[in-house]
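Before any comments, here is the structure.
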Amino acid sequence: MNWKNATILITGGASGIGFALAKRFVVAGSKVIVCGRREEQLKVAKQECPALFTLQADVSTAAGRIDLHQRALAEFPSINVLLNNAGIQNRLPPVAEPQLWERHEQEIAINLHAPMHLSMLFLPQLLAQKESAIMNVTSGLAFAPISFMPTYCATKAALHSFTLSLRHQLKNTTTKVIEIIPPAVNTDLGGKGLHTMGAPLDAFADHAIAQILKGELEFGYETSETRRLAAHTALDGFFQSMNR
Ligand SMILES: NC(=O)c1ccc[n+]([C@@H]2O[C@H](COP(=O)([O-])OP(=O)(O)OC[C@H]3O[C@@H](n4cnc5c(N)ncnc54)[C@H](OP(=O)(O)O)[C@@H]3O)[C@@H](O)[C@H]2O)c1
């Protein structure tokens, strides 16, 4: 994949992992468009990295995704990479609180429906390019869940499964399917201060961009690399240690 000529749309690309990767793709020579809900955050990202293009968008609804797809292609007809990075993380009581269902549903919509639907919307465009890619950001929690965020973990496990199927379905096309599997990384995911125990953002992003430029199709980092490759018995151990 020639990243110098790539045009990459990154959902949730104005903060955290998405923004860290956006800056690195710009350095690699790609044209990068970042989108997110907060106009203010898009301005902050553009100020720090003036080469970025921004689009205000909300991927939590089908209408929002269709609108993003139309506007993105109208403004950037050379898009050949979709990076499904936008995500939220709720820490909610897991069961028997049906009044919280709307928040679970929002998490499923953003973390799972959005990457699935956007992949389907952009595929005709991607398949028409000489080279193209879909990149999905899952999580080490796709492989061993942490039970105080059951819906979040379920969305990531489902996205991992969808990514495997998509890669297989597209194996004879020019569209590569890449899965980025972060461990806990120090970002504002779920709220400020909840991920300070995670890997430093720049260290993770440096590793991730190196893997992508090398052509890796699936990779983790530190604990998520171990979990990605772990046998089921080892995953049981992770589950036990995280859910004491
Ligand atoms: N940090 C970790 O420990 C960790 C570990 C494993 C996986 N991940 C995954 O990495 C990805 C990035 O997360 P992060 O850690 O970088 O957290 P973050 O800084 O909170 O980034 C999430 C991004 O998603 C955007 N977003 C959320 N809902 C959206 C929506 N409805 N429409 C459009 N954009 C939306 C947010 O922008 P707006 O709020 O402006 O919309 C924000 O820029 C997520 O998929 C997350 O699940 C993170």
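As the structure is a computational prediction, the values presented were derived from the model and not from experiment. Counting convention: from 1, in listed order, for ligands and their atoms alike. Any value given below was found using the heavy atoms of this structure, including those in side chains, with hydrogens, waters and symmetry copies removed.
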- Message: Taking only non-hydrogen atoms of Gln89, do any sit less than 4.0 angstrom from ligand 1?
- Response: no
- Message: Using 0.5 Å steps for rounding, measure from the CZ atom of Arg103 to the CD atom of Glu107.
- Response: 8.5 Å
- Quick note on ligand 1: atoms under 4.0 Å from a heavy atom of Ser60 include exactly 31 (N)
- Message: Would you say that Cys35 contacts Leu68 through its side chain, given a criterion of any heavy-atom pair below 4.5 Å between the two side chains?
- Response: yes
- Query: Numbering the atoms of ligand 1 from 1, which are under 4.0 Å from a heavy atom of Gly36?
  - Reply: 33 (C), 34 (N), 41 (O)
- Nearest neighbour in protein (non-hydrogen) for atom 29 (C) of ligand 1: Arg37 NE, 3.4 Å
- Backbone or side chain, does any N or O of Gln41 fall under 3.5 Å from an N or O of ligand 1? no
- Task: For atom NZ of Lys176, decide whether the heavy atoms of other residues, nucleotides or ligands shown that lie under 6.0 angstrom number more than 12.
- Result: no
- Item | Enumerated ligand 1 atoms positioned under 4.0 Å from heavy atoms of His195 | 2 (C), 3 (O)
- Heavy-atom closest pair, residues Ala205 and Leu21: O-CD2, 4.1 Å
- Quick one: which ligand 1 atoms are inside 4.0 Å of a heavy atom on Gly12? 23 (C), 24 (O), 25 (C), 43 (O)
- Euclidean distance, Phe162 CZ relative to Ile134 CD1, rounded to 0.5 Å: 7.5 Å
- Query: Going from OG on Ser147 to CE on Met242, what distance comes out if it is rounded to the nearest 0.5 angstrom?
  - Reply: 8.5 Å
- Does the side chain of His117 come within less than 4.5 Å of Ile66's, by heavy atoms? yes
- Distance col, row Thr155:OG1 vs Met149:CE, nearest 0.5 angstrom, shows 10.5 Å
- Counting from 1 in the order shown, the ligand 1 atoms closer than 4.0 Å to a non-hydrogen atom of Ala57 are 32 (N), 33 (C)
- Task: For residues Val26 and Lys23, determine if any side-chain heavy atom of one lies less than 4.5 Å from a side-chain heavy atom of the other.
- Result: no
- Task: Show which atoms of ligand 1 fall inside a sub-4.0 Å distance from at least one heavy-atom site of Val137.
- Result: 9 (C), 10 (O), 11 (C)
- Item | ligand 1 contact by Thr138, heavy-atom criterion under 4.0 angstrom | yes
- Query: Which of the atoms in ligand 1, numbered in the order shown and given with their element, are less than 4.0 Å from a heavy-atom of Tyr152?
  - Reply: 6 (C), 7 (C), 8 (N), 9 (C), 46 (C), 47 (O)
- Query: Can you find a non-hydrogen atom of Gln106 under 4.0 Å from ligand 1?
  - Reply: no
- Task: Please answer: with hydrophobic residues joined when any side-chain heavy atoms are less than 4.5 Å apart, are Val32 and Met135 in the same cluster?
- Result: yes
- Distance (rounded to the nearest 0.5 Å) between Asp202 CG and Asn186 CG: 10.5 Å
- Query: Hey, which atoms in ligand 1 end up nearer than 4.0 Å to a heavy atom of Ile110?
  - Reply: 28 (N), 31 (N)
- Message: With a 4.0 Å cut-off on heavy atoms, is Ala184 in contact with ligand 1?
- Response: yes
- Task: Answer whether the closest heavy-atom distance between the side chains of Leu127 and Ser132 falls below 4.5 Å.
- Result: no
- Query: Do any N/O atoms on Val59 end up under 3.5 angstrom from N/O atoms on ligand 1?
  - Reply: yes
- Quick one: which of Ser15, Gly16, Ala86 has a heavy atom closest to atom 35 (C) of ligand 1? Ala86
- Message: Keeping Asn111 on the side-chain end and Ile88 on the backbone end, is there a donor-acceptor pair under 3.5 Å?
- Response: yes
- Among all protein heavy atoms, pick the one closest to atom 14 (P) of ligand 1 and tell me residue, atom and distance. Thr187 OG1, 3.5 Å
- Measure the distance from atom 3 (O) of ligand 1 to every protein heavy atom, then report the residue, atom name and distance (to 0.1 Å) of the closest one. Val185 N, 2.7 Å
- Item | N or O pair under 3.5 Å between Ser139 and ligand 1 | no
- Item | Protein heavy atom at shortest distance from atom 36 (C) of ligand 1 | Arg38 NH2, 4.1 Å
- Is it the side chain, the backbone, both or neither of Leu189 that has a heavy atom closer than 4.0 Å to ligand 1? both
- Heavy atom of Phe19, distance to ligand 1 below 4.0 Å: no
- Task: Indicate if Ile10 and Ile178 have the same hydrophobic cluster label, given that clusters are the connected sets of ILVMFWY residues with side-chain heavy-atom separations under 4.5 angstrom.
- Result: yes
- Query: Heavy-atom contact under 4.0 Å between Pro183 and ligand 1?
  - Reply: yes
- Does a side-chain heavy-atom distance below 4.5 Å link Val81 with Phe25? no
- Given Asp188, Ile17, Asn85, which has its nearest heavy atom closest to atom 11 (C) of ligand 1? Asn85
- atom 22 (C) of ligand 1: closest protein heavy atom, distance to 0.1 Å, is Gly87 O, 3.6 Å
- Query: Among Asp58, Asn84, Leu42, which residue places a heavy atom closest to atom 31 (N) of ligand 1?
  - Reply: Asp58
- Is the shortest N/O to N/O distance between Cys35 and ligand 1 below 3.5 Å? no
- Query: How long is the span from the NE2 atom in His160 to the CG atom in Leu164, to the nearest 0.5 Å?
  - Reply: 4.0 Å
